[in-house]
Novice: 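Please read through the structure below; I'll follow up with questions.
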Amino acid sequence: MKPLVRIRTPRAVAAATTLAVAFTLTSCSGSDEGSSADGPVQLRMTTWSGNEEHQAVLQEIADAYVEAHPDRVSGVEFDAITDGTYVSAVTTQIAGGDAPDLMWITESYAEEFVSSGVLTDLGPVFAGTEGYDVEDLVPSATELWRDGEALYAYPFSTSPFGVYVNADLLAAAGQPDPRELIAGGGWTWDRLAEVASATAEGEGVAGIQLSVDDPYALPNGAITPLGLAWGARPWSEDGTTCAYTSPESVAFFEWYHAQVYDHRAFPAVGETVDFASGQAAFRIGQLSLSAGLGDAFEWDFVPLPEGPAGTVPVMGQAGIGVLANGDHPEVAADFLAYFTNPENAAKLARFFPPPRESLLTVETLRAAAPTLTEEQLQETLIDPARTATTKVGHPRLSAMADTIRASMDSLWSPEADVEAVLADVCSSIEPSLGE
């Protein structure tokens, strides 16, 4: 079957709108009524990946479902929105009455989607699907997508963060091997920063490159996982009180600011480096980064260090949800149960670390990352995946995100008053938190 893949940018849809607006329209939607009488339906899943290999495995699974259920589904289209404004594009579709049947959702916006009522509870469908094995899903992986007993998305990608190491640069700078620090109980964020700073100064490279997404685009930028090791959070657990001015948050941002501007352990705003090209001593990243590392230098992949709040494993997540106001939510949910059953989850695991205990094995993940050793896979990916947390979200994140970014801009200069900037952030978002 010819792949039904559409790769486009959000310019093909209406101008962006906020999630809050989209969610007010969740009751103005279609349903599955009449779908059996009218014949098989066409499903549409939005994604943010235009990667041809990703699309191929998605289509392979979809084609098998269509072949097994020709009276129910005529095809599945994967609508790839790839220019970085995925959330606004999809919420525009929802608000305009053109909701997809299924959509990928980042962990940052999980709480917003889960609390909105826009998604279908998948729990009964998964539990009622023969061979699905709901008990195989790792509890920490599904926690973000639950509200009480309801499960509103399947976390198809659960990839812990680790630290990639350029061993050649460290050796040239006379710095210790991180595995020696781990063995001796000295693998901390402070020590990592010290080694990074010394290597940067001695070898004329960058210290620690953060993950690809903009590290300074708070509240969900790449520095967020670091702050969790300080106990730093943007707001309280119940989301009603700003926590940027908590002692933990202030301590973390002061530490990070000093590491950027006083010690050069991290690149400053506007500095571009590439770990894969040997331009940085360390890189905070996930499993997929290993595919781009060759043998130009010796490298390693080790767990995140310990901070003042202890060792806090952090993972990036992406879920797949079924839109309650899509045209065919019941059929879409049945397709998702097939798409994520143990057999197909193993196929997806080639690219997306799975949330299933039975697939959190060296054998499974080696297919996704053949260059990683058994030790690297076990210690940096498999063990942390069972207990890892995610970036902190909020039910009104989209309403606050631009405000937080704007308020944080003044933090990224050598003379910034960290406490004053954080206080300004809290003043700016408190009205939204109190709604």
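In this text the structure is predicted, and so the values were computed from the model without any measurement.
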Novice: Strictly by modelled atom types, are Tyr86 and Thr46 linked by a side-chain donor-acceptor pair under 3.5 Å?
Specialist: yes
Novice: Please report the closest heavy-atom contact between Ala309 and Gly231, naming both atoms and the distance.
Specialist: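 In terms of heavy atoms, the two residues are closest at CB-N, 3.6 Å.
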Novice: Main chain of Gly148, side chain of Arg146: is a donor-acceptor contact present, judged purely on distance under 3.5 Å?
Specialist: no
Novice: Start with the C-alpha distance between Met103 and Leu323, add both sets of side-chain angles, then the distance that settles side chain to side chain contact (heavy atoms under 4.5 Å, CB included), and finish with yes or no.
Specialist: CA-CA 7 Å; Met103 68 175 291; Leu323 276 295; 3.5 Å; yes
Novice: Within a strict 4.5 Å, meaning less than it, do heavy atoms of the Pro178 and Val163 side chains meet?
Specialist: no
Novice: Looking at Phe351, is its backbone amide N or carbonyl O close enough to the side chain of Glu53 to form a donor-acceptor pair, meaning the two atoms are under 3.5 Å apart?
Specialist: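 No; zero donor-acceptor contacts below 3.5 Å.
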Novice: Roughly how far, to the nearest 0.5 Å, is CD of Gln175 from OG of Ser197?
Specialist: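 Between Ser197 OG and Gln175 CD, I get 9.0 Å after rounding to 0.5 Å.
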Novice: Can you tell me how far apart OH (Tyr164) and CG (Leu293) are? Round to the nearest 0.5 Å.
Specialist: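 With rounding to 0.5 Å, OH (Tyr164) is 6.5 Å from CG (Leu293).
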Novice: Please walk me through it: do Tyr256 and Phe266 pass ring-ring contact (aromatic ring centres under 6.0 Å, His included)?
Specialist: CA-CA 8 Å; Tyr256 188 85; Phe266 294 90; 4.6 Å; yes
Novice: For residues Asp238 and Ser236, is any side-chain donor paired with an opposing acceptor at under 3.5 Å?
Specialist: yes
Novice: Verify the distance criterion only: is there a donor paired with an acceptor across the side chains of Thr91 and Ser88 at less than 3.5 Å?
Specialist: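 There is no such pair (donor and acceptor under 3.5 Å, judged by atom type) between the side chains of Thr91 and Ser88.
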Novice: Answer yes when Asp274 and Arg283 have at least one side-chain N-carboxylate O distance shorter than 4.0 Å, and no when they do not.
Specialist: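 A salt bridge is absent here (no side-chain N lies under 4.0 Å from a carboxylate O).
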Novice: Atom NE2 in His394, atom CD1 in Ile404: separation rounded to 0.5 Å?
Specialist: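 Answer for the NE2-CD1 pair, His394 versus Ile404, is 9.0 Å.
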Novice: Between atom CG of Leu377 and atom CG of Leu372, what is the distance when rounded to the nearest 0.5 Å?
Specialist: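 These two atoms lie 5.0 Å from each other.
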Novice: Mind checking whether Met315 and Thr389 have side chains closer than 4.5 Å, heavy atoms only?
Specialist: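 A side-chain contact under 4.5 Å is absent here.
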Novice: Does some side-chain heavy atom of Ile105 sit less than 4.5 Å from a side-chain heavy atom of Leu119?
Specialist: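 When only atoms from C-beta onward are counted, Ile105 and Leu119 do touch, with a gap below 4.5 Å.
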Novice: Run the ring-centre check on His54 versus Phe78 and record whether the distance is less than 6.0 Å.
Specialist: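 No; Phe78 has its ring centre 6.0 Å or more from that of His54.
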Novice: For the residue pair Phe253 and Trp412, does the interplanar ring angle fall in the parallel (under 30°), tilted (30 to 60°) or perpendicular (over 60°) class?
Specialist: tilted
Novice: Check whether any side-chain heavy atom of Gln93 sits under 4.5 Å from a side-chain heavy atom of Arg44, and report yes or no.
Specialist: yes
Novice: What are the two closest heavy atoms between Ala324 and Gly117, and how far apart are they?
Specialist: CB-O, 4.2 Å
Novice: Would you check if the side chain of Glu112 reaches a backbone N or O of Leu397 as a donor-acceptor pair within less than 3.5 Å?
Specialist: yes
Novice: Keeping Asp136 on the side-chain end and Ser358 on the backbone end, is there a donor-acceptor pair under 3.5 Å?
Specialist: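 The answer is yes, because a donor-acceptor pair under 3.5 Å joins these two groups.
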Novice: Do Arg179 and Phe301 form a cation-pi contact, if we require the NZ or CZ to be under 6.0 Å from the six-membered ring centre and within 45 degrees of the ring's axis?
Specialist: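 Judged by the rule (NZ or CZ under 6.0 Å from the ring centre, within 45° of its axis), Arg179 is not positioned above Phe301.
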Novice: Scan side-chain atoms only and decide if Thr403 and Ser428 contain a donor-acceptor pair under the 3.5 Å cut-off.
Specialist: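 Ser428 and Thr403 do not have a side-chain donor-acceptor pair below 3.5 Å.
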Novice: Any idea how Phe275 and Phe297 line up, ring-wise: parallel (<30°), tilted (30 to 60°), or perpendicular (>60°)?
Specialist: perpendicular
Novice: Does a donor on one side chain sit under 3.5 Å from an acceptor on the other, for Asp168 and Trp299?
Specialist: no
Novice: Test side chain to side chain donor-acceptor pair (under 3.5 Å) on Thr340 and Tyr132 and set out the steps.
Specialist: CA-CA 8 Å; Thr340 62; Tyr132 191 82; 2.7 Å; yes
Novice: If we ignore hydrogens and angles and just use 3.5 Å, is the side chain of Ser159 paired with the main-chain N or O of Pro353 as donor and acceptor?
Specialist: no
Novice: List the atom of Ala200, the atom of Gly207, and the distance in Å for their closest heavy-atom pair.
Specialist: CB-N, 3.9 Å
Novice: Are the side chain of Arg396 and the backbone of Leu433 linked by a donor-acceptor contact shorter than 3.5 Å?
Specialist: yes
Novice: Going through the distances and angles, do Val250 and Leu422 end up as a side chain to side chain contact (heavy atoms under 4.5 Å, CB included)?
Specialist: CA-CA 8 Å; Val250 171; Leu422 297 177; 3.9 Å; yes
Novice: Which label fits Trp104 and Phe156: parallel for a plane angle under 30°, tilted from 30 to 60°, or perpendicular past 60°?
Specialist: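 Rings of Trp104 and Phe156: tilted, 30 to 60°.
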Novice: Does Thr373 offer a backbone N or O that forms a donor-acceptor pair with the side chain of Gln376 under 3.5 Å?
Specialist: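 Yes, because the side chain of Gln376 sits within donor-acceptor range (under 3.5 Å) of the backbone of Thr373.
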Novice: Strictly distance-based, threshold 3.5 Å: is any side-chain N or O of His263 a donor or acceptor partner for the main-chain N or O of Ala265?
Specialist: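 No, His263 side chain to Ala265 backbone: no donor-acceptor pair under 3.5 Å.
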Novice: For a 4.5 angstrom cut-off between non-hydrogen side-chain atoms, does Trp230 reach Val312?
Specialist: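 The answer is no, as the side chains (C-beta and beyond) never meet within the 4.5 Å cut-off.
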Novice: Which distance, rounded to the nearest 0.5 Å, do you find between the NE2 of His257 and the OG of Ser413?
Specialist: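 One finds 5.5 Å between NE2 of His257 and OG of Ser413.
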Novice: Val421 and Tyr244: side chain to side chain contact (heavy atoms under 4.5 Å, CB included), yes or no, with the steps?
Specialist: CA-CA 9 Å; Val421 172; Tyr244 277 108; over 6 Å; no
Novice: Could you tell me whether the side chains of Trp145 and Gln317 share a donor-acceptor contact shorter than 3.5 Å?
Specialist: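 Yes, Gln317 and Trp145 have a side-chain donor paired with an acceptor closer than 3.5 Å.
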Novice: Identify the residue among Val269, Asp417, Asp424, Val418 that makes a side-chain contact (heavy atoms from CB on, under 4.5 Å) with Leu411.
Specialist: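 Among Val269, Asp417, Asp424, Val418, the one that satisfies the side-chain contact (heavy atoms from CB on, under 4.5 Å) with Leu411 is Val418.
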Novice: Only one of Leu170, Asn166, Ile208 passes side-chain contact (heavy atoms from CB on, under 4.5 Å) with Thr199; say which it is.
Specialist: Leu170
Novice: Strictly distance-based, threshold 3.5 Å: is any side-chain N or O of Glu254 a donor or acceptor partner for the main-chain N or O of Ala251?
Specialist: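 Not a single qualifying donor-acceptor pair exists.
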Novice: Considering all heavy atoms of both residues, which atom of Pro160 and which atom of Gln286 are nearest to each other, and what is their separation?
Specialist: O-CG, 3.7 Å
Novice: Within the 4.5 Å heavy-atom criterion, are Tyr152 and Val322 side-chain neighbours or not?
Specialist: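 Tyr152 vs Val322: side chains apart.
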Novice: Would you check, one step at a time, whether the test side chain to side chain contact (heavy atoms under 4.5 Å, CB included) holds for Trp235 with Ile429?
Specialist: CA-CA 10 Å; Trp235 31 75; Ile429 66 173; 4.1 Å; yes
Novice: Counting N and O atoms only, with roles assigned by atom type, does the side chain of Ser49 sit under 3.5 Å from a partner on the main chain of Asn51, one being a donor and the other an acceptor?
Specialist: yes
Novice: Of all heavy-atom pairs between Val114 and Leu144, which one has the smallest distance, and what is that distance?
Specialist: CG2-O, 4.1 Å
Novice: If the test is side-chain contact (heavy atoms from CB on, under 4.5 Å), which one of Asp101, Val125, Leu43 qualifies with Phe335?
Specialist: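 Only one option passes, and that is Leu43.
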Novice: Quick check: do Val302 and Ile182 have side-chain heavy atoms less than 4.5 Å from each other?
Specialist: yes
Novice: Using a 6.0 Å cut-off, check whether atom CD of Glu271 has over 12 heavy atoms from anything other than its own residue.
Specialist: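 Correct, the count exceeds 12.
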Novice: To the nearest 0.5 Å, how far apart are CG in Leu137 and CG in Asp133?
Specialist: 7.5 Å
Novice: Does some side-chain heavy atom of Trp187 sit less than 4.5 Å from a side-chain heavy atom of Thr311?
Specialist: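 When only atoms from C-beta onward are counted, Trp187 and Thr311 do not touch, as no gap falls below 4.5 Å.
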Novice: Which atoms form the tightest heavy-atom contact between Ala349 and Thr364, and what is the distance?
Specialist: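 Scanning both residues, the minimum pair turns out to be CB-CG2, 3.6 Å.
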